Number of protein chains: 2
Amino acid sequence: MAVVRRGVGRDGRPTLEQVAARAGVGRGTVSRVINGSPRVSDRTRAAVEAAIADLGYVPHQAARALAANRSNAIALVVPEVEARVFAEPFFSGIIRGVSAELADTDIQLLLTLIRAPRERTRFAQYAAGNRVDGVLLVSVHGDDPLPDQLAAMGLPVVMTGRRSAREPVPYVDCDNQGGAQLAVEHLLGRGRTTVATITGPTDMYAARCRLEGYQEAMRVAGKPHDDELLALGDFTEESGYAAMKELLRRRPALDGVFCASDPMAIGARRALRELGRTVPDDVALVGFDDSSLARHMDPALTSVRQPIEGMGRTMTRALLRQIDDREAEGPRLVLPTELVRRASS
Amino acid sequence: MAVVRRGVGRDGRPTLEQVAARAGVGRGTVSRVINGSPRVSDRTRAAVEAAIADLGYVPHQAARALAANRSNAIALVVPEVEARVFAEPFFSGIIRGVSAELADTDIQLLLTLIRAPRERTRFAQYAAGNRVDGVLLVSVHGDDPLPDQLAAMGLPVVMTGRRSAREPVPYVDCDNQGGAQLAVEHLLGRGRTTVATITGPTDMYAARCRLEGYQEAMRVAGKPHDDELLALGDFTEESGYAAMKELLRRRPALDGVFCASDPMAIGARRALRELGRTVPDDVALVGFDDSSLARHMDPALTSVRQPIEGMGRTMTRALLRQIDDREAEGPRLVLPTELVRRASS
DNA sequence: ATCAGATTTGGGAGCGCTCCCACACCACTG
DNA sequence: CAGTGGTGTGGGAGCGCTCCCAAATCTGAT
């Protein structure tokens, strides 16, 4: 025979039923108050709120999730293949933005690192299991099918960055091309005549955009197209080092380099030092990301800053809107970038 | 009149009941299989597993959480007051360790940043609401009451680092004193005769331990106690810069400095450069943390490495054990540190 | 063959909430 | 004064699972 103890939580915590009893109303009414329904009279609402405060009631999330079929959680997915993402402030900036935006909701942030392909599958399954209401994807590669998979499940998804110019999945990106163009215009404006670039991996859309920004600035300045001023990197310091050596071999007289990432700029700087070139006198250097590396390079690195925290906030806001209203249009936003001038240029 | 459709999930996903029907067993049996109970015959288990695979069944977490009164989630709490924690790889290393350890459980990691005191209260309430099974606390200050509060609620808690020598809450720490001692012994072993130290904030236990390591090494080497070789910092680059200037004013002839954090070493290096001292020829420098800053300093910084990822793994393993068995002893572990030698010493 | 004891199994009850139907109550209208 | 159309409100049903009791089945010793 079940002991009747309506409304007493199993570990002593008050339940909604207890609140209802205390306020002298029904369960439904308390639920309405908690969920901010307008269909409650002011008198009743006040009584319920008082009861909630008295009892120190906190809704039981699992019960809510089960009954309402939503989890009150969103996932932030980081493909950690990009260890880079971690070392740099990019990732933490995104987290900061996301959690700032989540701060006055009761939505939880689940952090999910995906390393192995196995984990990728696993997460897709996990997401299929009603465990998150939406997904934020960070730094997705050009050929990653995960965004489409998730979107196909009907799960709201927002990415940072695009995979291509025609990105089907909603995204919040920054103006990679514009930033790169600013950087190169800055170098040219400082009187540099032979400006090279070290690119990111060309299978990444962001890297291609930065290259286009470089090319556009050169074109506007009336510089003839010159493939010898272009060296491929992959965003890593090592690749920057190698690319810089190659560039100097080809064009010993170059006097400016736009690097598509800060670590590559660090590598380039090392190569320059080894070959006896000074920065910025012989060669001016500009990076991209405005990471802490930039500030600590010697000389401090001029770099293109992305509004990382803002991107985090924006994508979160957009995701929440989509969760609220499945019909809502997903974001397709490109936020501005700016040049932070330091001693290296 | 309710439509009878036993075992069909509301959004088409199979339920436990459906699996049971398919396998020709009862709900309880399926539940036992899922939860790895030994009280199931091999034949039955195989049948259930086949049904699970056929149907692509994934347990509904909210339902589990509600019924079993556990959330299958743990929180990693970061008092972001320490922005430092973010910029450095410490934090990401911990995350990496934690999530590696969580990888083959179905436990989710909730990341919680606490900035304002308001959020601190909020989290305590949140944690009280059965939403997490345990809490990992990162980089807690000496006077933070949160660990005790959580522990008092009966919630399993593990911290990185201690708040004092007599830490009541379970922790996983690293050998700060030993690491510092190694660093200073190294400097002395390289023939440096006048070795100073720049300390961290003395309200942090880790900082005090590092100072003790310095003092112990000096004592063992038979150096007379000399307070003029000791300058206070607060782990930031600026404080390192100021402290270094002060030290040089007091002891122009010093030839070695142990800095209790890498950013302080960067600051010290800047001060040394400004005063025309070379590193390592005039003054040898050692840092603590072995962050990426260390590798990128010029010259690359010798630094004490903590097994960060290992700490993350260890604390997670310990937390899971405590969640499993509330009576289990919490960890009180101090992991070894090691010296990474580079060009600065 | 028989039965105590161990092993395996089925399924009722219930976790704490939301959803939604039904009903009470309140103006107003004609 | 009956009728109409709001508002507010109560509470049954049910979300998908786990827990646990009791029943069924299977040992192996007598």
Side-chain angles (χ1 to χ4, degrees), chain A residues 1-21 23-48 52 55 57-72 106 129-131 133, chain B residues 1-21 23-48 52 55 57-72 106 129-131 133:
Chain A
M1 194 186 75
V3 179
V4 177
R5 23 151 234 172
R6 295 173 70 79
V8 175
R10 83 186 109 181
D11 41 35
R13 285 202 309 130
T15 67
L16 184 147
E17 182 121 22
Q18 227 174 339
V19 173
V25 300
R27 275 186 355 263
T29 302
V30 177
S31 177
R32 257 160 268 163
V33 170
I34 291 169
N35 294 290
S37 157
R39 309 228 144 292
V40 181
S41 70
D42 291 348
R43 267 181 58 81
T44 310
R45 181 184 307 279
V48 170
I52 288 176
L55 263 33
Y57 170 72
V58 184
H60 191 297
Q61 282 308 312
R64 284 182 108 167
L66 178 59
N69 204 24
R70 55 184 168 64
S71 63
N72 282 321
D106 59 354
N130 291 31
R131 293 179 57 151
D133 296 334
Chain B
M1 195 187 74
V3 178
V4 177
R5 24 151 236 171
R6 295 174 69 81
V8 176
R10 82 185 111 184
D11 40 36
R13 285 201 309 128
T15 67
L16 184 147
E17 183 121 22
Q18 228 174 337
V19 173
V25 300
R27 275 186 355 264
T29 302
V30 177
S31 177
R32 261 164 296 214
V33 170
I34 291 170
N35 294 291
S37 158
R39 308 230 143 291
V40 182
S41 70
D42 290 348
R43 267 179 59 80
T44 311
R45 181 184 305 279
V48 171
I52 289 176
L55 264 34
Y57 170 71
V58 184
H60 191 298
Q61 281 308 311
R64 287 182 106 168
L66 178 58
N69 204 23
R70 55 185 167 64
S71 63
N72 282 321
D106 58 354
N130 290 33
R131 293 179 56 153
D133 296 334

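These numbers come from a predicted model, not from an experiment. First the proteins, then the strands, lettered A, B, ... as listed; each starts at 1.
Between the base of dG10(D) and the side chain of R32(A) there is a donor-acceptor pair shorter than 3.5 Å. For dG12(D), the base has a donor-acceptor partner in the side chain of R27(A) [N/O atoms by modelled type, under 3.5 angstrom]. Remark: the R13(B) side chain and the dG16(D) base include no donor-acceptor N/O pair separated by less than 3.5 Å. On a pure distance criterion of 3.5 Å, no polar donor-acceptor pair joins the side chain of R39(B) and the base of dT9(C).
R32(A) contributes a side-chain N or O that, together with a main-chain N or O of G28(A), makes up a donor-acceptor pair within less than 3.5 Å. Listed for the R131(B) side chain is no donor-acceptor partner under 3.5 Å among the backbone atoms of S71(B). For the pair D133(A) (side chain) and N72(A) (backbone), a donor-acceptor distance under 3.5 Å is present.
Counting to the nearest Å, the P atom of dC17(D) and the CG atom of N72(B) are 13 Å from each other. Per the geometry, CG belonging to L16(B) stands 13 Å off P belonging to dC15(D), to the nearest Å. With rounding to whole Å, R70(B) atom CZ is found 17 Å from dC15(C) atom P. Distance R131(A) CZ to dG16(D) P: 16 Å, rounded to the nearest Å. dC19(D) atom P lies 10 Å from atom CG of N69(B), rounded to whole Å. Computed from coordinates, the R64(B) CZ to dC15(D) C1' distance equals 16 Å when rounded to whole Å. In this structure, the CD atom of E17(A) is 9 Å from the P atom of dG11(D), given to the nearest Å.
Nearest to the side chain of A63(B), among dT18(D), dG16(D), dG16(C), sits dG16(D). Closest to the H60(A) side chain, of the nucleotides dG16(D), dC19(C), dC17(C), is dC17(C).
Counting non-hydrogen atoms under 4.0 angstrom, N35(A) reaches the backbone sugars and phosphates but no base.
At a threshold of 4.5 Å between non-hydrogen side-chain atoms, the residues V48(A) and V40(A) do not count as touching.
Toward the 5' end of DNA chain C, the nearer of the two residues L66(B) and R45(B), judged by each one's closest nucleotide, is R45(B). Both G28(A) and A68(A) lie near DNA chain D, and the one whose nearest nucleotide falls closer to the 5' end is G28(A).
Side-chain N/O atoms of S41(B) include one lying less than 4.0 angstrom from OP1 or OP2 on dT9(C). Residue T29(A) has no polar side-chain atom (N or O) positioned under 4.0 Å from OP1 or OP2 of dT9(D). Taking only side-chain nitrogens and oxygens, S31(A) never comes nearer than 4.0 Å to OP1 or OP2 of dC17(C). For T44(A) and dG8(D), the shortest distance from a side-chain N or O to OP1 or OP2 is not below 4.0 Å.
When L16(A), V19(A), T15(A) are each tested for a side-chain contact (heavy atoms from CB on, under 4.5 Å) with R27(A), only one passes: L16(A).
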